[in-house]
Amino acid sequence: MCQEEIWDAEAARRYDTPGSGMFAPDVLGPTVDRLAALAGDGRALEFAVGTGRVAVPLAERGVPVSGIELSVPMVERLRTKVDAATIPVVVGDMATATVPGEFSLVYLVYNTVANLLTQAEQVACFRNAARHLRPGGRFVIELWVPELRQLPPGRQATVWHTEDGYIGLDTYDVLRQRVVSHHVRFGSGREAQIFRTPHRYVWPSELDLMGELAGFTLESRHADWTGAEFTGESRSHVSVYRLPG
């Protein structure tokens, strides 16, 4: 499964869930608040801007936002919300594509760095962020913590969420550090829809080394966008990396 095939027109059509899930105000609000504060008086660049879940409200806060996005259908959906003058987007790979100008903030949210399926691509993503930033600029990553402690010997899958009409489970390949997320949606009948996405999972310490290779130092790490303490039990983290000023 390559990313261009996964994020097709159908996936783009189903992506937005206004007011719920990752679009819920208690999820989106703190995200935008923190990013606006980190951007300060500078420009922001979103890697994997998608349909504009974060970029649109951030731009509405007065932060100039640009984006990089691999999926043309996702960009087309973004264009139903704002025009190219409001949020310019370069179509391409976030590990290599470039956007004109200099930024105070580059951000990559909601686990998307794991869409890059090799360590080399993930390191290249850090280096690409550094290329776009002014001195003292920041790169922010939101990512889940691999849940390998839930895998007893001989077991290769974990169920990470269940609710009426939905099951989310992950299957792991610990040799290659890969995971495939399976999103199963079903109604009252016998048929179900499955949407699958492959990822390369990354430990926080490995991310820190990637940052160091690209010239960053870790400035802060929290369990969420509100600034909750990151602990050994945290399921995700928001990590802020900074270039020398």
Side-chain angles (χ1 to χ4, degrees), residues 3 6-7 15 22 27-28 30-39 42-59 63 65-71 74-75 78 87-99 103-134 137-146 179 181 197-204 206-225 230 236-243:
Q3 297 297 334
I6 294 168
W7 301 107
Y15 189 79
M22 60 181 170
V27 174
L28 193 52
T31 305
V32 174
D33 288 345
R34 182 81 188 283
L35 291 173
L38 290 169
R43 301 168 63 214
L45 172 61
E46 181 170 357
F47 283 180
V49 67
T51 66
R53 179 183 73 97
V54 175
V56 171
L58 187 59
V63 178
V65 182
S66 298
I68 294 174
E69 174 55 50
L70 187 65
S71 167
M74 299 288 272
V75 177
L78 169 62
I87 300 179
V89 175
V90 170
V91 175
D93 187 334
M94 61 186 171
T96 57
T98 58
V99 176
F103 299 84
S104 65
L105 177 69
V106 176
Y107 64 94
L108 180 52
V109 298
Y110 214 72
N111 307 323
T112 312
V113 69
N115 288 5
L116 299 170
L117 298 181
T118 68
Q119 186 183 71
E121 289 175 308
Q122 291 170 347
V123 171
C125 183
F126 269 84
R127 289 178 169 151
N128 199 28
R131 281 193 291 270
H132 285 88
L133 287 167
R134 68 189 188 191
R138 295 178 173 96
F139 182 32
V140 182
I141 289 184
E142 177 188 20
L143 185 62
W144 92 97
V145 177
V179 59
S181 293
T197 54
H199 309 277
R200 180 182 186 270
Y201 61 82
V202 195
W203 301 101
E206 186 182 2
L207 276 185
D208 296 347
L209 183 56
M210 292 179 184
E212 185 177 336
L213 291 171
F216 291 100
T217 57
L218 178 67
E219 183 176 68
S220 67
R221 172 169 290 135
H222 294 97
D224 58 29
W225 291 101
F230 181 76
S236 63
H237 61 95
V238 175
S239 297
V240 180
Y241 296 92
R242 190 166 189 172
L243 288 179

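Between the CZ atom in Phe103 and the CZ atom in Phe139 there is a gap of 13.0 Å [rounded to 0.5 Å]. The distance from the CD atom of Gln122 to the CZ atom of Phe126 is 8.5 Å, given to the nearest 0.5 Å. Atom OG of Ser104 is separated from atom CG of Leu133 by 8.0 Å, given to the nearest 0.5 angstrom. In this structure, Tyr201 OH and Ser181 OG are separated by 12.5 Å, a value rounded to the nearest 0.5 Å. Considering CD1 of Ile141 and OG1 of Thr112, their distance stands at 10.0 Å, rounded to 0.5 Å. Note that CG of Asn128 and CD of Glu121 are 12.5 Å apart. Values are rounded to the nearest 0.5 Å.
Side-chain contact between Val140 and Trp225 is present, with at least one heavy-atom pair separated by less than 4.5 Å. Under the 4.5 Å side-chain criterion, counting only non-hydrogen atoms from C-beta, Val49 is not in contact with Ile68. Residues Cys125 and Leu108 form a side-chain contact, since some pair of their non-hydrogen atoms from C-beta on lies under 4.5 Å apart. Inter-residue side-chain proximity for Leu116 and Met94 is flagged as met; some heavy-atom pair is nearer than 4.5 Å. Side-chain contact check for Leu45 versus Leu105: every heavy-atom pair is 4.5 Å or farther apart. A heavy-atom distance below 4.5 Å is found between the side chains of Arg127 and Val123. Looking at Asp33 and Thr31, their side chains never come closer than 4.5 Å, going by heavy atoms from C-beta outward.
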Show, in sequence, the C-alpha distance, side-chain angles and deciding distance for Val54 and Leu28, and conclude whether the side chain to side chain contact (heavy atoms under 4.5 Å, CB included) test is met. CA-CA 7 Å; Val54 175; Leu28 193 52; 4.0 Å; yes
Evaluation steps, side chain to side chain contact (heavy atoms under 4.5 Å, CB included), between Val113 and Asn111: CA-CA 6 Å; Val113 69; Asn111 307 323; over 6 Å; no
Verdict with reasoning, Val32 to Val63, per side chain to side chain contact (heavy atoms under 4.5 Å, CB included): CA-CA 10 Å; Val32 174; Val63 178; over 6 Å; no
Please report the C-alpha distance between Val91 and Leu70 in whole Å, then the side-chain angles of each, then the deciding distance to 0.1 Å, and finally whether the side chain to side chain contact (heavy atoms under 4.5 Å, CB included) criterion is met. CA-CA 5 Å; Val91 175; Leu70 187 65; over 6 Å; no
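Side chain of His132 to main chain of Val106: no donor-acceptor pair is present (N/O by atom type, distance under 3.5 Å, no hydrogens or angles).
Among residues two or more places apart in sequence or in another chain, the side-chain contact (heavy atoms from CB on, under 4.5 Å) test is passed with Thr217 by none. Applying the side chain to side chain donor-acceptor pair (under 3.5 Å) rule to Thr98 yields no partners; only residues at least two apart in sequence or on another chain are considered. Applying the side-chain contact (heavy atoms from CB on, under 4.5 Å) criterion to Thr96, with sequence neighbours excluded, gives Asp93. For the ring pair (Phe, Tyr, Trp, His ring centres under 6.0 Å) test, no residue two or more places apart in sequence or in another chain qualifies with Tyr107. Considering only residues two or more places apart in sequence or on other chains, Trp144 meets the ring pair (Phe, Tyr, Trp, His ring centres under 6.0 Å) condition with His199. The side-chain contact (heavy atoms from CB on, under 4.5 Å) test applied to Arg242 returns Arg138, Glu219, not counting sequence neighbours. Not counting sequence neighbours, Tyr110 has no partner by the ring pair (Phe, Tyr, Trp, His ring centres under 6.0 Å) test. Residues passing the salt bridge (Lys or Arg N to Asp or Glu O under 4.0 Å) test with Arg34, sequence neighbours excluded: none. Applying the side-chain contact (heavy atoms from CB on, under 4.5 Å) rule to His237 yields the partners Leu143, Val145, Pro204, Leu207, Arg221, Phe230, Ser239; only residues at least two apart in sequence or on another chain are considered. For Arg134, the salt bridge (Lys or Arg N to Asp or Glu O under 4.0 Å) partners at least two apart in sequence or on another chain are Asp41.
Evaluation of the salt bridge (charged side-chain N to carboxylate O under 4.0 Å, His left out) test over residues 105-118, restricted to residues two or more places apart or in two chains, returns none. Sequence neighbours left out, not one pair with a member in residues 43-54 passes salt bridge (charged side-chain N to carboxylate O under 4.0 Å, His left out).
Val65 and Ala55 make their closest contact through CG1-CB, 3.8 Å (heavy atoms, listed as atom of the first residue, atom of the second, distance). Between Pro57 and Gly52, the shortest heavy-atom contact is CD-O, 3.7 Å.
A side-chain N or O of Gln119 and one of Glu206 form a donor-acceptor pair less than 3.5 Å apart.
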